[in-house]
Amino acid sequence: MHEVIICEKPKSSEKIANALSRNTIKNSYKKVPYYEFEENGKKTTVLSAVGHLYSLSPTNSKQDKIFDIDWVPLYDKDKQKKYVKNYVDAIKKLAKGADKFIHACDYDIEGTVIGYNALKYACGEDSIDKATRMKFSTLTKEDIVKAYENPIPIDFHQVDSGIARHVLDFLFGVNISKYLTDSVREATSRYVQLSAGRVQTPTLSILVDREKEIKNFKPIPYWLIKAALEDDIIADHKAGKIFERKEADGILADCGDADAVVTDVTLRENKRTPPVPFDLGSLQSEAYGVFGFSPKRTQQIAQNLYTEGYTSYPRTSSQKLPKSIGYDKILKQLSKNAEFKKHVDALKKPLKPNEGKKTDEAHPAIHPTGTLPTGLDTNEQKLYELIVYRFISVFGEDALQESMKTKLNINSQEFSFSRKRMAKMGWLEHYPFRKIEDEKFPDIKKGDTLKVNEILCEEKETKPPARYNQASLIRELEKRGLGTKSTRANIISILYDRKYIEGQKIQVNELGEHLIDTLKEYSEDITSEELTRKFETELEDIMADKITKDNVIEEAKVGLSSILDDIEKNKSKIGEKLYEAYQESRIVGQCKCGGNLVMKYSYRTKGTFVGCSAYPKCKVTYPIPRGTNVLKTKCEKCGLPMISFGKPRQRACLDPKCGRNGKESTNEVVGVCPQCGEQLIKRMGRYGEFIGCSGFPKCRFTKSVEEQEAK
DNA sequence: GCAAGGTC
């Protein structure tokens with residue numbers, strides 16, 4: 001009797017194999033680990049997939065509408081996925097001739113498809129008839145054994161529902177993308193890769209909406225009245241924003257040149273509870289704010305740390321740290337590092353983590369494993385320490401913040417000011433990445449009189465809503481249920497790659513905006529969450545056996561077909577307009593000859609450069625080496641755009657002859673040093689502007705201007 | 001190649 005268990009990923013195959021027998025032996029085939037044990041004359045082989053092993057692909061790429069598709073090995077489609085082949089080969093070889101199969105992938109819709117396809121295409125079609133399903137929600141020994149002893153049949157409605165998700169996404173995404181790209185090619189014989197999809201298009205649409213809000217924003221003037229008092233105290237008038245000049249004048253007149261009388265002083269203590277452990281989204285957010293890492297980069301680094309065994313599984317949405325992860329032991333092991341030890345020793349027993357609300361059936365929150373890393377590069381080290389200090393501080397004590405709220409009267413006008421300082425650092429002691437307010441409290445009490453130096457009336461304007469950055473956009477997608485924790489960072493980077501959006505503070509250019517306008521006209525559904533919602537109900541209906549998968553797909557093809565015909569009919573108009581928008585989006589500035597400076601691509605050097613739109617009359621070009629970004633900021637010396645390059649990022653003028661940089665240093669204070677608490681100052685270095693700590697040389701903290709602006 | 005979804 002030979003039994004084969006198919007798992008979703010190598011880590012879970014290891015856990016499952018070890019939970020089911022004490023006689024488990026680890027082997028490997030083509031570097032792919034697998035496990036074997038024998039109990040009561042039955043041999044069991046535990047094998048692993050690596051996520052999806054198969055992917056949809058056209059069966060005939062010549063068709064206009066790519067409607068005929070089938071599963072092919074992932075490594076055939078994507079040369080970067082070569083490592084997948086070894087896993088497929090291992091399954092094919094080691095599952096051969098088995099009498100019994102167990103589908104033990106994650107119990108969710110994608111896991112169901114992964115296991116089903118592994119059975120169907122790697123183990124052979126007949127393996128499905130001999131297969132059962134393990135259903136577990138955590139990879140604890142208890143859960144695994146229970147699932148193994150109580151197998152359930154494979155739910156083929158669930159399988160169909162998952163397959164339908166793949167097919168629908170493929171049909172809509174690939175076909176609409178193809179038709180848009182073709183329309184530009186046929187109208188202008190230029191190749192501009194365009195794309196649309198159930199997730200990427202609504203994401204772009206969110207950004208376009210924000211862009212339009214900003215564009216249409218009409219600033220409204222308002223006035224703030226402040227009183228400058230003795231001891232450098234600035235108090236604000238109770239009214240806050242005053243939108244009528246007359247009202248502001250009235251208040252000013254009322255105040256006259258009277259002194260301020262303190263009418264109330266309230267002291268309060270506020271608790272600041274420890275942070276909650278990281279799930280992937282909050283790690284991406286924090287690493288973006290603290291280090292300026294893009295979410296994609298954070299995900300890659302976290303994956304490396306996980307593969308090396310230093311931190312736990314990163315693609316989790318859990319903010320829970322169950323006792324079963326053994327946090328006492330992890331903290332003890334972390335203590336082998338002297339720096340960590342100081343913090344661990346300061347924790348009060350008994351240890352209890354402050355957990356967040358979000359959960360994940362398959363994994364706990366991101367945490368260090370206790371194995372201390374060696375040979376990490378700078379960025380890996382930064383992210384690792386962020387994870388460790390967050391983990392430690394989750395067990396810390398509440399911090400206490402004291403606040404002072406003071407009310408004052410100047411004649412009949414009420415003003416107030418407040419101060420904050422830390423009374424007890426608590427968990428903040430272990431987590432150096434948070435801003436702490438530590439202001440001096442003036443020594444005053446009710447009834448005191450304070451001298452008024454001046455009453456100020458500041459004219460301001462209301463501001464448009466802020467642009468998204470990558471971190472806030474990920475949070476927005478999460479809120480709307482678009483994409484998944486593992487794909488959101490990738491989706492955003494696709495929008496950058498296609499050149500629909502640019503900048504750290506994400507700005508949509510003409511191409512992105514026009515693409516959404518076009519799609520709104522021809523396929524409104526794909527520009528909003530509507531399509532996701534529609535898919536969701538259809539998939540639920542398939543799962544509940546209210547409708548068949550083939551029915552849903554056929555209906556989708558009919559709807560899609562008419563969208564594609566519509567695009568086809570108008571393709572010259574669509575193509576020309578999209579190309580026009582594309583060209584406009586490539587403009588980076590004004591040439592000295594009056595033409596536009598445009599991003600161009602050289603087939604000869606296979607690289608980008610900036611050239612003049614008046615070519616060949618004007619032959620001006622500027623080099624754009626790999627890794628260089630052209631910024632919106634203009635050089636203050638010559639007016640050409642600035643560029644950023646290098647690591648850490650440096651800035652300079654597009655024109656190399658203009659000088660290293662076209663900007664004088666401001667030495668402006670831009671924040672507080674996360675390492676020592678001194679001021680962070682923007683200053684000019686040999687290679688351009690950077691942010692440094694005023695505590696230099698005692699504290700050598702630096703970061704790039706880009707990282708700072710990313711905040 | 002184009003999508004979105006798993007994973008190393």
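A quick note: this is a predicted structure, and the numbers were derived from the prediction, not measured.
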Rounded interatomic separation in angstrom, taking [atom1] from [X] and [atom2] from [N]:
X: A:D106; N: B:dT7; atom1: CG; atom2: C1'; value: 11 Å
X: A:I6; N: B:dG6; atom1: CD1; atom2: C1'; value: 16 Å
X: A:K178; N: B:dC2; atom1: NZ; atom2: P; value: 14 Å
X: A:L180; N: B:dG1; atom1: CG; atom2: P; value: 19 Å
X: A:K485; N: B:dG5; atom1: NZ; atom2: P; value: 11 Å
X: A:D497; N: B:dA3; atom1: CG; atom2: P; value: 10 Å
X: A:L519; N: B:dA3; atom1: CG; atom2: P; value: 13 Å
X: A:D108; N: B:dG6; atom1: CG; atom2: P; value: 7 Å

Within the pair [X] and [N], is there a side-chain N or O less than 4.0 Å away from OP1 or OP2?
X: A:R488; N: B:dG6; answer: no
X: A:R198; N: B:dG5; answer: yes
X: A:Y83; N: B:dT7; answer: no
X: A:Q193; N: B:dG1; answer: no
X: A:S486; N: B:dG5; answer: no
X: A:Y306; N: B:dT7; answer: no

List the atom pairs, with distances to 0.1 Å, where a side-chain N or O of residues 83-96 of chain A and a protein N or O form a donor-acceptor pair under 3.5 Å, not counting sequence neighbours.
unit_1: A:K85; atom_1: NZ; unit_2: A:D89; atom_2: OD2; d: 3.1
unit_1: A:D89; atom_1: OD2; unit_2: A:K30; atom_2: NZ; d: 2.9

Exercise for the section: Could you tell me whether the side chain of A:Y87 has a donor or acceptor atom within less than 3.5 Å of a complementary atom in the base of B:dT7? Expected result: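 No pair found.
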Handout entry: Shortest non-hydrogen contact from A:I501 toward A:L207
Key =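 Here A:I501 and A:L207 meet closest at CG2-CD1, 3.9 Å.
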Exercise for the section: Verify the distance criterion only: is there a donor paired with an acceptor across the side chains of A:Q303 and A:Q299 at less than 3.5 Å? Expected result: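 Side-chain D/A pair, A:Q303 to A:Q299: absent.
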Exercise for the section: Would you please name every residue forming a ring-ring contact (aromatic ring centres under 6.0 Å, His included) with A:F535, sequence neighbours left out? Expected result: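 By the ring-ring contact (aromatic ring centres under 6.0 Å, His included) rule, A:F535 matches A:F172.
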Handout entry: Residue mapping more 5' on DNA chain B - nearest nucleotide basis, A:N175 or A:P10
Key = A:N175
Practice task
Could you check A:K11 against A:V174 and say which one's nearest nucleotide on DNA chain B is further toward the 5' end?
Solution key: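 Per heavy-atom nearest nucleotide, the more 5' residue is A:V174.
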Practice task
Identify whether any heavy atom of A:A196 sits under 4.0 Å from a base atom; if not, whether one sits that close to sugar-phosphate; answer base, sugar-phosphate or nothing.
Solution key: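 Since only primed, P, OP1 and OP2 atoms lie under 4.0 Å of A:A196, the category is sugar-phosphate.
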Practice task
Without swapping roles, check the side chain of A:T45 against the backbone of A:V4 for a donor-acceptor pair under 3.5 Å.
Solution key: no
